[in-house]
Peer 1: 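Below you'll find the structure I mean.
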Amino acid sequence: MVSLDKYSNYITTDAGKTQFGQLPALCFIEGSNLDFNYKACVPDNQKGKTILLLGDSHAAEFSAALKKEYKNDTVLQVTAAGCPAIIDSVGSSPCVNLMNYAFNKLIPSRKIDAIIVASDWYNFHTYNDINKGIEKTQLYLQKFTPNVYFITQTKHFKPTVYRLLQIHGKTADINSLRERDTEETYNDMRTLSSIDHIKFFDLYNYGCQGKQCVFVKDNTVPMFFDDNHYNYEWTREIVHDVIAKNI
């Protein structure tokens with residue numbers, strides 16, 4: 001089980017930074033890393049179809065997987081920690097400014113074939129009406145492309161998933177140990193799925209069949225490297241098996 005310890009600092013490694021789009025160019029800003037690379041992250045020279053990845057770290061975690069899946073197309077990435085990816089977002093100034101750039105400048109000026117929007121929605125509900133924000137954002141984005149997809153809330157665990165697997169065993173079903181607060185946010189989002197103009201990639205129960213859930217891939221890679229972010233191998237699977245079948 002000691003091998004799982006390598007995930008404790010994964011996000012600071014080159015592999016982690018590449019997964020999130022912080023290498024080779026900074027396309028996910030957070031903390032003191034705020035020098036967003038417009039030239040590399042939203043290039044003018046678009047090829048094939050163009051997909052925009054928009055949101056916080058829960059969008060950024062799919063960066064490398066999307067770029068690999070759509071290697072003959074263009075993946076634009078506008079991601080920042082500290083605010084939800086909705087119109088009139090409330091949160092940290094660097095994040096809000098970058099979201100405003102995406103909504104007000106980038107999207108209206110580019111031909112974009114599909115937009116994927118993701119955030120850790122639960123973390124922002126105190127200062128944002130998430131459901132109304134998603135509805136408003138969807139209506140706005142549909143002016144530019146009919147292919148707008150939101151990724152649902154992700155589960156949270158405490159402690160981290162790799163630590164829970166160390167305690168309970170690699171093959172353990174730790175689903176019952178998830179934090180329940182995020183479930184309310186997820187269920188609220190599910191009510192929006194009945195509104196026909198809102199499309200979701202529902203990943204909340206990804207890895208589960210019925211009441212049985214798997215949290216390790218190939219007996220070595222935990223689903224999350226921390227308490228709520230997917231490892232790269234899992235994002236590759238999700239992008240290939242879920243996202244690419246719709247976009």
Side-chain angles (χ1 to χ4, degrees), residues 1-31 33 36-37 40-41 51-81 85 114 116-120 149-157 159-166 170-172 174-175 178 201-208 213-247:
M1 295 304 175
V2 176
S3 63
L4 292 172
D5 282 332
K6 65 182 180 181
Y7 294 103
S8 64
N9 66 342
Y10 171 75
I11 192 60
T12 66
T13 67
D14 284 354
K17 292 177 180 179
T18 299
Q19 177 186 337
F20 278 68
Q22 291 186 310
L23 287 176
L26 188 62
C27 300
F28 169 53
I29 62 171
E30 47 85 30
N33 300 313
F36 185 79
N37 191 325
C41 304
I51 300 167
L52 171 61
L53 179 62
L54 180 66
D56 66 358
S57 60
H58 285 250
E61 65 186 344
F62 290 99
S63 173
L66 281 169
K67 290 169 184 175
K68 185 173 182 64
E69 183 74 25
Y70 295 98
K71 59 185 178 182
N72 296 320
D73 299 297
T74 302
V75 176
L76 308 178
Q77 181 178 349
V78 181
T79 52
I116 300 170
V117 187
S119 294
D120 191 11
Y149 296 88
F150 291 83
I151 294 179
T152 56
Q153 176 62 43
T154 300
K155 291 175 183 174
H156 284 209
F157 290 85
T160 60
V161 167
Y162 80 85
R163 181 62 181 138
L164 287 171
L165 293 171
Q166 285 181 318
K170 283 186 179 181
T171 60
I174 60 171
N175 195 48
R178 68 191 184 278
F201 290 130
D202 188 343
L203 302 182
Y204 190 77
N205 287 309
Y206 191 80
C208 298
C213 302
V214 176
F215 288 90
V216 174
K217 184 176 178 63
D218 301 327
N219 202 37
T220 57
V221 184
M223 179 182 287
F224 297 159
F225 64 81
D226 57 7
D227 63 331
N228 67 104
H229 291 96
Y230 289 105
N231 263 309
Y232 171 71
E233 291 84 350
W234 286 82
T235 64
R236 281 285 296 130
E237 181 178 292
I238 290 169
V239 167
H240 184 73
D241 293 346
V242 179
I243 294 176
K245 290 182 178 178
N246 293 274
I247 297 176

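In this text, all values refer to a predicted model and were calculated from it rather than measured experimentally.
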Peer 1: I'd like to know if the side chain of Asp120 reaches the main chain of Ser57, judged simply by a donor and an acceptor atom lying under 3.5 Å from each other, with no hydrogens or angles considered.
Peer 2: no
Peer 1: When you measure from the side chain of Asn37 to the backbone of Ala40, do you find a donor-acceptor pair of N or O atoms at a distance under 3.5 Å?
Peer 2: yes
Peer 1: Looking at Glu233, is its backbone amide N or carbonyl O close enough to the side chain of Arg236 to form a donor-acceptor pair, meaning the two atoms are under 3.5 Å apart?
Peer 2: no
Peer 1: Ignoring hydrogens and angles, tell me if any N or O in the side chain of Asn231 forms a donor-acceptor pair with the backbone of Trp234 under 3.5 Å.
Peer 2: no
Peer 1: Donor-acceptor pair, Ser119 side chain versus Ala85 backbone, under 3.5 Å?
Peer 2: yes
Peer 1: Taking the side chain as every heavy atom from C-beta outward, state whether Pro222 and Tyr7 have any atom pair closer than 4.5 Å.
Peer 2: yes
Peer 1: Looking only at atom types and distance, does a side-chain atom of Thr152 sit under 3.5 Å from a main-chain N or O of Leu203, one as donor and one as acceptor?
Peer 2: yes
Peer 1: Does a side-chain heavy-atom distance below 4.5 Å link Ile151 with Phe62?
Peer 2: yes
Peer 1: Under 3.5 Å, side chain of Gln19 to main-chain N/O of Tyr230, donor-acceptor pair present?
Peer 2: yes
Peer 1: For the pair Asn228 (side chain) and Phe224 (backbone), establish whether a donor and an acceptor sit closer than 3.5 Å, ignoring hydrogens and angles.
Peer 2: no
Peer 1: Below 4.5 Å, heavy atoms only, C-beta onward: do Ile51 and Asp73 meet side chain to side chain?
Peer 2: no
Peer 1: Would you find a donor on one side and an acceptor on the other, under 3.5 Å apart, between the side chain of Gln77 and the backbone of Leu53?
Peer 2: no
Peer 1: Got a donor-acceptor contact below 3.5 angstrom from the Thr13 side chain to the Tyr10 backbone?
Peer 2: yes
